[in-house]
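Just follow the structure's listing: the first ligand is 1, and inside any ligand the first atom is 1. Because the structure is predicted, anything quoted here is derived from the model rather than measured. Scope of the values below: all heavy atoms of this structure, side chains included, with no hydrogens, waters or symmetry mates.
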Amino acid sequence: MVKSSFLVICFASLTAGLLIGEFSDWRPPFRLPHSPLHSEKLLQKAKPLISSTVTIIPPEQYERWIEHQTHISFEGIIKNIGGYGPGLEDVMRGAVIASPSKSHPDYYYQWTRDSGITINTLIMNYADNNATNATLRDIIYDYINSSRIIQRQSNPSGTFENLEGLGEPKFKVDGRPFTAPWGRPQRDGPALRAIAMLNFVNTELKYNESGVTYESFRDIFDNVIRPDLDYVGLKWQYDGFDLWEELKGKHFFTSMCHRRALISGSDLAQKLGYADATIFYQTQASYLTQFISDYFYDHKKGHLVETFGNHKRSGLDSALFLGSIHALDLLLWSGKADVTDIYPPYSDEVLASLVQHITDMRYRYPINLRRLKTFESLGVNISLVGIGVGRYPEDIYNGVAESEGNPWFLCTATVSHTLYLLADYLYTRTSDFTLKLTEHTLPLLGMFLDKVEGFDWSDPSFELKRSSPDFDTVVLRILAYGDSFLDVIREHVDSKGSMSEQFSRYDGYMRGAEDLTWSYGAFWSAVRQRKLVYGRIK
Ligand code: NOJ
Ligand code: NOJ
């Protein structure tokens, strides 16, 4: 045990040393990262330490692109919703199609997961605008109504009465069941749908623009939210397919979503006076806490693993960061740590997984190597240069068939999202906080600590006090690194800002289903978090 962790330390510092050693002589070719959002005061302090930008275009242009792409992404989601998007006459009102692509691949279906996640994005926007946007409110109600119908369709996974039907992964766009063979059930869907609806109810009550009370939502709770919560509470121990629809088993992403749904669900159940449901959801959530902590962190590997007991894969997976993010109460997130959160984006375990995932992806795809070389030739410290990120190292799905995997827009955006949450968490710490490293987080946090006084790559016992003048610099570097991943997305969207599912590992051109709703949602959500944290710094 002692021996193996010693080896890990040696290996970590060796690779870290190589990276830093090789690129320590760079000169700053560009101006400092600058945007109207950056605080001038902070930047002045940080100047000596942030030595170059990690986006290839000038900062003002980058900010303009972010604004523009954020708008396009939001529209991209709406365009894929029945009743709102053009040319979707055959789509049920309020149903979200995964993509308009009808062949190679055929994604012209409504997936419970994609819909729940992307409707939740709309709900975040709705909440950010104090619940005033009536069009968004209509869309969300249409989604809830379409969910009510979909939930009641008997399908190959089961029925509404035995609840198993709720785990069916996808339906036809008009709401009829899809009956061909598929990886089913997928148990994350009901949780994600419930999380979205719970966020909506809480938003309505918080801003109360339409004069609602808890009572106003009793019908929705009883007939739409509650079946999903009961499903989660009763079925979370059973195997199901993962979010990528490939492996049957128990999955980190799925369990993390289950836990969030039950925690938020028990809260609303209590408000509505359902004592039994409140306790049932609470109890199951606490079992899930135990289950997740016992089964998904691999101490030998020093990272989380997505599917429990799968020995064919490393376990590194973008699903880990998606799971960590979707398990947060994003509606209430204010940078403040919720002590009850488990494996939040700023936890040592998630950060250790993130750096190993990025390191794998960096050298896996030729476009990443080319990007790093370009920056290197410009004299930039490439350890803080973003790259295209795929689902997981062993992926062979090319967007249409099986050959070789590619980087995905949604996975790349999710890395930025994780980094923005980390930056937000650190920035909002009180003055008594100290950032501590571990042997597993050193390779990531070390990149942000480079040249900070007293920091040494060979010493994981280094600590940085919140009150140190270098602390804010570290936060800005984390943000800049997050920006650099979004910059990769900028390089691969088309001239209209369209995003498919993937971009080719060889030439960077888009691959797979076009206008993937989830790609837009993931981008929009990452930028939302970016704005929140820059807003706090200002
Ligand atoms: C389609 C699934 O949606 C995708 O996630 C999976 O990788 C491929 N099928 C495997 O062929
Ligand atoms: C394949 C992805 O693996 C899965 O997560 C997604 O739900 C479907 N495509 C639809 O976008």
closest protein heavy atom to atom 5 (O) of ligand 2 is L243 O, 2.7 Å
In this structure, atom 3 (O) of ligand 1 is nearest to the protein heavy atom E245 OE1, 2.4 Å
Please say whether R391 places an N or O atom under 3.5 Å from an N or O atom belonging to ligand 2.
yes
Close N or O approach ([X], ligand 1; < 3.5 Å):
{"X": "Y107", "answer": "no"}
{"X": "E402", "answer": "yes"}
{"X": "Y397", "answer": "no"}
{"X": "D395", "answer": "no"}
{"X": "E246", "answer": "yes"}

In terms of side-chain heavy atoms, does S146 have a donor or acceptor partner in R93 at a distance below 3.5 Å? no
Legend entry - No-hydrogen, no-angle side-chain donor-acceptor test under 3.5 Å, E245 and W111: yes
Problem set entry | Side-chain heavy atoms of S525 within contact of M124, under 4.5 Å | no
Relative to the ring of F291, is the ring of W236 parallel (under 30°), tilted (30 to 60°) or perpendicular (over 60°)?
tilted
**Request:** Just say parallel, tilted or perpendicular for the rings of F178 and W182, cut-offs at 30° and 60°.
**Result:** perpendicular
Checking heavy atoms under 4.0 Å, the part of E501 that sits near ligand 2 is side chain
Checking heavy atoms under 4.0 Å, the part of L516 that sits near ligand 2 is side chain
Ligand 2 atoms in contact with [X] (distance to a heavy atom under 4.0 Å):
{"X": "R113", "value": "4 (C), 5 (O), 7 (O)"}
{"X": "W518", "value": "5 (O)"}
{"X": "D114", "value": "6 (C), 7 (O), 10 (C), 11 (O)"}

Quiz prompt | Proximity of Y420 and Y534 rings by center, below 6.0 Å | solution = no
Quick check: Y297 with H303 (ring centres under 6.0 Å apart)?
no
Filtering W244, F241, Y109, W111 for the heavy atom nearest atom 8 (C) of ligand 2 leaves W111
Here the pair of heavy atoms bringing E204 nearest to A131 is OE1-CB, 3.8 Å
Item to complete: Identify whether the distance between the nearest side-chain nitrogen and carboxylate oxygen of R391 and D395 falls below 4.0 Å.
Response: yes
